[in-house]
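Scroll down for the structure; my scribbles are underneath it.
All values below come from the heavy atoms of this structure, side chains included, with hydrogens, waters and symmetry mates left out. Sequence lines set the chain letters: A, B, ... in the order given, protein chains first and strands last, and positions in each chain run from 1.
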Amino acid sequence: MFNWFYIEGILILVGVNLMVVLGLSLLTGFTGLFSFGHAGFMAIGAYVSAVCTLYYHIPFVPAMVLGAAASMVMALIIGYFTLGLKGDYFCIATLGFGESVRLIFDNLDFFGGARGISSIPMITTFELTLVICILAVAALTLLMHSRHGRNMIAIREEELASQAIGIHVFRYKMISFAISAAYAAVGGALYAHYLGYLQPLMFQLTKSTEMTIMVIFGGLGSIGGSVIGAVLLTFLPELLRSFANWRLVFYGAAVVLIMISRPQGLMGGMELTDLWRKFRAGGRKRRGTDVLPDEKKEGGDAA
Amino acid sequence: MSIFIQQIINGLSIGSIYALMAVGYSLVYSILNFSNFAHGGVIMLGAYFGLYAVTLVGGLPFLGALAVAALLAGLVAVALEKIAYRPLRKRNAPSLYFIISAMGASIFLENLVIVTIGPTFRTYPQMFSAAPIALGNVTISRIDVLMFAIAAISLAVLMFIIEKTKVGLAIRACSFNTKASNLMGVNVNRVIFIIFLLGGMLAGVAGMLFGMRYTVYPQIGVITNKSFIAAVFGGLGSLPGAVVGSLLLGIIETFGAGYIASTYRDLIAFSLLIIILVIRPSGLMGRVTEDKA
């Protein structure tokens with residue numbers, strides 16, 4: 001059971017989930033917008049790239065980029081109409097969007113209808129997934145440390161105040177939503193070319209929920225947390241495979257348990273580097289030296 | 001013309017079931033301001049409770065089974081509130097945590113049923129004559145009439161409780177301003193207990209009726225998403241809105257399915273959701289929420 005082929009398969013799935021989770025992390029963890037429609041963006045990326053490679057024989061990477069671009073355009077259109085909504089309504093709108101996308105693919109014969117597309121070239125390898133994921137994490141980290149990333153965090157913290165200091169709230173929400181959709185689409189493209197077939201049923205609402213749960217499990221506002229969340233929650237069901245259907249029962253219970261006991265997730269608001277600094281500061285403290293002033297501030301931020 | 005009337009009747013029949021489900025979403029939203037996605041799980045359990053009440057307890061009359069289903073589903077909803085939402089409420093967690101918790105609960109309930117009862121489709125034993133009632137060219141199945149009548153009675157009882165009783169006054173007060181009502185001596189915890197009980201009982205009734213009309217299976221909760229759309233359509237938090245939205249959604253859906261294509265049924269519902277959110281997010285009768293500075 002534990003041969004390389006099997007492990008490689010799971011690792012690729014980790015990569016696929018990680019791409020979507022990173023996208024959601026940007027949107028939810030850093031911009032403060034929840035989405036229950038990312039399975040829709042995944043589906044767009046998967047279908048568009050699959051059609052490109054299968055019917056038009058475009059190489060994988062350009063096909064993937066096309067998928068991401070299509071997804072981004074869709075996000076800009078949907079975002080333009082719905083990002084102005086207050087509170088839960090945006091998240092409800094994304095839910096409607098995700099389901100609509102699935103149902104549209106379900107009804108379009110060009111995309112195979114409910115039967116889906118099969119015999120997609122199986123291009124996705126572990127190495128390719130790894131490279132894409134590393135690039136994606138690096139890009140997201142750079143973005144979050146740039147002026148634009150900080151603007152997004154400001155919007156998450158206090159929308160009205162950030163508007164007052166001159167941040168174009170709507171524009172940054174659009175950017176965040178579009179990038180997030182592109183990440184999800186890349187995940188979808190990898191997924192399509194790993195499995196070799198696509199069906200609209202793969203992109204149900206539960207898929208979006210699963211992704212959001214990974215982000216929250218890892219901790220909102222933490223890239224490291226998202227990586228850990230995606231890795232753990234993709235491996236966990238595999239480890240629990242012998243429990244067959246019970247695993248989803250545990251999974252549901254675990255989600256409720258996390259929400260009522262530790263809603264900030266594993267790494268809420270902290271990065272791995274923060275943990276390392278804390279760890280070192282803790283060591284120094286034990287030796288009798290004071291905590292650095294900026295550590296105190298970090299602690300305050302995380303709380 | 002007879003097809004047209006037939007479609008309206010079909011639409012009203014499914015719409016009345018949506019209404020029973022949608023008021024559950026709206027009741028919770030009106031006080032706690034979050035979308036209780038675990039409601040679908042409660043509806044699904046209601047269908048199973050009713051099924052077992054009918055088949056296991058031999059010869060339990062229809063209304064008895066309905067009462068059992070309603071009561072048990074109400075208790076499940078209350079338990080859910082105690083376990084999954086109350087700790088969040090104590091901490092004043094943002095509404096999105098409630099939603100995630102609700103989704104976790106719905107995954108839990110759905111899969112618990114799959115593991116313990118099994119994923120197969122089950123049907124209620126025939127309790128009423130299947131012979132339809134014919135009115136000229138239009139035929140109405142008895143169960144549709146029954147569904148509509150029970151839905152109407154249940155909703156009337158709910159409206160009576162909300163509008164005419166002291167408990168209802170407390171519920172209305174809390175939906176205006178929970179904090180102020182608390183200061184005025186309203187026991188908010190009890191009000192929340194009652195709305196979950198009421199919502200859960202209606203969910204049980206809806207689940208059982210739905211199961212009798214169609215089939216019972218663990219993923220019924222997915223279909224209840226459409227009743228959520230109906231609640232948004234009517235304006236989340238508004239009970240008359242939920243009812244009107246549900247009936248309209250039922251009619252729009254059956255018309256779409258009848259005149260365009262039946263495969264577009266769900267697509268019509270979800271597109272409607274987006275269109276409403278874009279044009280008028282507060283729905284037909286909802287309150288407009290404003291950001292407080």
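- Put simply, the side chain of Ile92(A) reaches to within 4.5 Å of the side chain of Phe228(B), judged on heavy atoms.
- Shortest non-hydrogen contact noted between Gly96(A) and Ile274(B) is C-CD1, 3.7 Å.
- Taking CD of Gln219(B) as the reference point, atom OG1 of Thr206(A) lies at 9.5 Å (rounded to 0.5 Å).
- The part of Ile99(B) that comes within reach of chain A is its side chain, from C-beta onward, which places non-hydrogen atoms under 4.5 angstrom from that chain.
- Here the shortest heavy-atom pairing between Met259(A) and Arg91(B) reads O-NH2, 3.1 Å.
- To the nearest 0.5 angstrom, Asp106(A) atom CG is 9.0 Å from Asp266(B) atom CG.
- Partner of Ser101(B) under the side chain to side chain contact (heavy atoms under 4.5 Å, CB included) criterion, out of Ile258(A), Leu257(A), Val256(A): Val256(A) alone.
- Between the CG atom in Leu273(B) and the CD atom in Glu99(A) there is a gap of 10.0 Å [rounded to 0.5 Å].
- Highest contact tally toward chain A, considering only Ala269(B), Pro119(B), Gly104(B), is held by Gly104(B) [criterion: heavy-atom pairs under 4.5 Å].
- In this structure, the side chains of Leu112(B) and Trp246(A) come closer than 4.5 Å at one or more pairs of heavy atoms.
- Summarising the local packing, CZ of Phe170(A) is surrounded by more than 12 heavy atoms from other residues, nucleotides or ligands at distances under 6.0 Å.
- Rounding to the nearest 0.5 angstrom, the gap separating the CZ atom in Arg86(B) from the CD1 atom in Ile260(A) is 12.5 Å.
- For the pair Leu220(A) and Tyr97(B), the minimum side-chain heavy-atom distance is below 4.5 Å.
- In this structure, the portions of Ser100(A) lying under 4.5 Å from any heavy atom of chain B include both its backbone and its side chain.
- When each of Lys90(B), Glu110(B), Met103(B) is scored by its heavy-atom pairs under 4.5 Å with chain A, the top score falls to Met103(B).
- With a 4.5 Å cut-off on side-chain heavy atoms, Ile213(A) and Ile107(B) count as touching.
- Of the atoms belonging to Ala93(B), not a single heavy atom falls under 4.5 Å from chain A.
- Aromatic ring orientation, Tyr89(A) versus Tyr29(B): tilted (interplanar angle from 30° to 60°).
- Listed options Tyr251(A), Phe36(A), Phe250(A) were ranked by heavy-atom pairs under 4.5 angstrom with chain B; first place goes to Phe36(A).
- In this structure, the side chains of Thr212(A) and Ile100(B) come closer than 4.5 Å at one or more pairs of heavy atoms.
- Counting heavy atoms from C-beta on, the side chains of Leu205(A) and Phe37(B) never come closer than 4.5 Å.
- Considering all non-hydrogen atoms of both residues, Leu85(A) and Leu277(B) come closest at CD2-O, 3.2 Å.
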